[in-house]
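Just so you know, these numbers come straight off a predicted model, no measurement behind them.
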Amino acid sequence: MTRRFLFVLGSSRSDGNTELLARRAAEQLPEGVEQQWIDLAAHPLPDFEDLRHDSDHVRSTRGNVALLLDATLAATDVVIVSPLYWYSVSAHVKRYLDYWSGWLRTPGVDFKATMAGRTLWGVTALAHEEQEVADPLVGTLSNSAAYLRMRFGGVLLGNGSKPGDVLGDTEALARAKTFFAQDAPLARFPYETD
């Protein structure tokens, strides 16, 4: 399968530090690798309604839910591009991930089997010098990948608060050059052993 990257932009600010860092990393992808960028602020999802014990989810055929479902299913690599908001993913991204729960139960989609073996990545900018504060965000993405038996490429971390600050983070920009070139291992829950 030809690689196809879906970049899911979760910031409430366009062209923010996280997006700038993601675009720097995406510039390094080989020619011919397809890229689709979807800004969740420009394509908002309605509040997620959990119907798992009430009825099946109906597959959306129009609107932003259909756009994101189709793009997610078509991607070999899903990149969550979310600033660190209160030590985790943004509300836009959290809502998108909540929709994964519904897609698991959407007849004819076979979401879990389709996503198995594909790769989940993260890119985030934080205003904190100590990168450990991003551990909840990393855990959210890693555990989501583990649940779906996806590969997890990790999270590219950069530092920046004011617009453009991340472009001064030379270490993050250096990591961006090879971030998507690494082999992503199968994601595992922290309690799983060999």
Side-chain angles (χ1 to χ4, degrees), residues 1-11 18-19 21-22 25-26 28-30 32-40 43 45 48 50 52 57 59-60 64-84 87-124 131 134-157 175-176 178-194:
M1 182 179 215
T2 303
R3 288 183 83 185
R4 179 183 172 90
F5 278 71
L6 170 63
F7 291 85
V8 180
L9 304 176
S11 179
T18 303
E19 182 178 345
L21 185 57
Q28 310 305 315
L29 289 170
V33 171
E34 291 182 56
Q35 297 180 31
Q36 183 176 12
W37 294 74
I38 298 179
D39 183 346
L40 294 175
H43 298 89
L45 293 167
F48 176 71
D50 185 359
R52 112 184 81 163
H57 286 254
R59 189 193 198 296
S60 295
N64 293 334
V65 175
L67 170 73
L68 281 155
L69 173 58
D70 291 342
T72 303
L73 292 172
T76 59
D77 297 78
V78 177
V79 185
I80 300 297
V81 183
S82 174
L84 186 70
Y87 311 103
S88 192
V89 295
S90 69
H92 293 305
V93 168
K94 178 62 172 76
R95 182 174 289 139
Y96 167 68
L97 294 175
D98 284 347
Y99 268 86
W100 286 18
S101 296
W103 297 339
L104 286 167
R105 292 163 181 83
T106 302
V109 171
D110 207 5
F111 189 73
K112 191 169 187 176
T114 300
M115 299 307 289
R118 299 195 181 180
T119 306
L120 184 64
W121 307 85
V123 178
T124 193
Q131 295 185 345
D135 287 352
L137 179 146
V138 174
T140 293
L141 298 181
S142 177
N143 288 337
S144 297
Y147 180 77
L148 293 176
R149 294 293 172 225
M150 296 176 74
R151 298 183 171 284
F152 183 56
V155 177
L156 175 60
L157 300 167
R175 287 190 304 270
T178 59
F179 184 62
F180 294 125
Q182 64 182 324
D183 286 328
L186 190 63
R188 301 171 69 103
F189 287 110
Y191 58 79
E192 291 181 307
T193 60
D194 293 335

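The shortest side-chain heavy-atom distance between Val79 and Phe180 falls under the 4.5 Å cut-off. Two residues are said to be in side-chain contact when any heavy atoms from C-beta on lie closer than 4.5 Å; Val8 and Leu40 meet this criterion. Side-chain contact between Val78 and Met115 is present, with at least one heavy-atom pair separated by less than 4.5 Å. Contact check for Phe5 versus Trp121: side-chain heavy atoms found under the 4.5 Å cut-off. In this structure, Val93 and Ser88 have side chains that are not in contact, with every pair of non-hydrogen atoms separated by 4.5 Å or more. The side-chain heavy atoms of Leu67 and His43, taken from C-beta on, include a pair separated by under 4.5 Å. Proximity of Trp103 to Leu68: side-chain heavy atoms (C-beta onward) are separated by under 4.5 Å at one or more points.
At distances below 3.5 Å, at least one donor-acceptor pair connects side-chain atoms of Gln182 with backbone N or O atoms of Gly153. A side-chain donor-acceptor contact under 3.5 Å links Arg105 to the backbone of Ser101.
Checked against the 6.0 Å centroid criterion, the rings of Phe189 and Tyr147 do not qualify as a close aromatic pair.
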Could you walk me through whether Asp77 and Arg118 pass the salt bridge (Lys or Arg N to Asp or Glu O under 4.0 Å) test, one step at a time?
-> CA-CA 6 Å; Asp77 297 78; Arg118 299 195 181 180; over 6 Å; no
For side-chain contact (heavy atoms from CB on, under 4.5 Å), just list the numbers for Thr106 and Phe111, CA-CA rounded to whole Å, side-chain angles, deciding distance to a tenth of an Å, and then say yes or no.
-> CA-CA 8 Å; Thr106 302; Phe111 189 73; over 6 Å; no
Residues Thr72, Tyr99; criterion side-chain hydrogen bond (donor to acceptor under 3.5 Å, both in side chains); working and verdict | CA-CA 11 Å; Thr72 303; Tyr99 268 86; over 6 Å; no
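Under the side chain to side chain contact (heavy atoms under 4.5 Å, CB included) criterion, Glu34 pairs with Arg4, sequence neighbours left out. Here Phe152 pairs with nothing under the ring-ring contact (aromatic ring centres under 6.0 Å, His included) rule; sequence neighbours left out. Evaluation of the ring-ring contact (aromatic ring centres under 6.0 Å, His included) rule for Tyr87 yields no partner, not counting sequence neighbours.
Of the options Val65, Ile80, Asn64, Ile38, a side-chain contact (heavy atoms from CB on, under 4.5 Å) to Tyr96 is made by Ile80 and by none of the others. Checking Val155, Leu141, Leu156, Val81 one by one against Thr124, the side-chain contact (heavy atoms from CB on, under 4.5 Å) holds for a single residue, Val155.
From Arg188, atom CZ reaches atom CG of Leu186 across 7.5 Å, with rounding to the nearest 0.5 Å.
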